[in-house]
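Notes for the one structure printed next.
What you see is a predicted model; the values in this text were computed from it and never measured. In listed order, ligands and their atoms are each counted from 1.
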Amino acid sequence: MSRPVPQCPIRPGEPCTLCQAFVTGPEDCQTVKLVMEDDELREMLAVKRREYRERKNATGPRR
Ligand code: SF4
């Protein structure tokens, strides 16, 4: 059985592509950590996630 692909926490709707050096996934990604530790960036991410959810709900699930 294949494992589910982890999603990138800071790019809503996109899988983790291991775009940062030396990462094994979102759990040890320093970029994600930086964003989550910064109030302003976390707020911007919340807006992006909300926009993504709204777009997804408007267009239905991807196939
Ligand atoms: S390495 Fe980090 S920034 Fe890159 S896709 Fe994965 S979780 Fe997102």
remark   = Here the atoms of ligand 1 under 4.0 Å from any heavy atom belonging to Val23 are 1 (S)
ask   = What do we get for Val32 next to ligand 1 when only non-hydrogen atoms under 4.0 Å count, side chain, backbone, both or neither?
value = side chain
query = Which atom pair, heavy atoms only, marks the closest approach of Val5 to Pro15?
reply = CG1-CB, 3.5 Å
note = shortest atom 8 (Fe) of ligand 1-to-protein heavy-atom contact is with Cys8 SG, 2.3 Å
key: Closest approach of Val35 to Leu41 (non-hydrogen atoms, all atoms of both residues)   = O-CB, 3.9 Å
query = Any sub-3.5 Å donor-acceptor pair from Asp38's side-chain atoms to Leu34's backbone N or O?
reply = no
ask   = From atom 2 (Fe) of ligand 1 out to just under 2.8 Å, does an N/O/S atom of Cys29 turn up?
value = yes
note = Near Thr17 (heavy-atom distance under 4.0 Å), the atoms of ligand 1 are 5 (S)
ask   = Do any N or O atoms from the side chain of Arg49 and from the backbone of Pro9 form a donor-acceptor pair under 3.5 angstrom?
value = yes
key: Shortest non-hydrogen contact from Pro26 toward Gln7   = CG-O, 3.5 Å
inquiry  = Heavy-atom distances under 4.0 Å decide this one: backbone, side chain, both or neither, for Arg11 against ligand 1?
reply    = side chain
message = Between the side chains of Lys33 and Glu37, is the shortest nitrogen-to-carboxylate-oxygen separation below 4.0 Å, so that they form an ion pair?
response = yes
inquiry  = If the cut-off is 4.0 Å to any non-hydrogen atom of Gln20, which atoms of ligand 1 fall inside it?
reply    = 1 (S)
task = Give a yes or no on whether Cys19 keeps an N, O or S atom under 2.8 Å from atom 4 (Fe) of ligand 1.
result = yes
request  = For atom 6 (Fe) of ligand 1, find the nearest protein heavy atom and state the residue, atom name and distance (0.1 Å precision).
outcome  = Cys16 SG, 2.4 Å
task = Decide yes or no for Met36 and Val32: does some side-chain heavy atom of the first lie under 4.5 Å from some side-chain heavy atom of the second?
result = yes
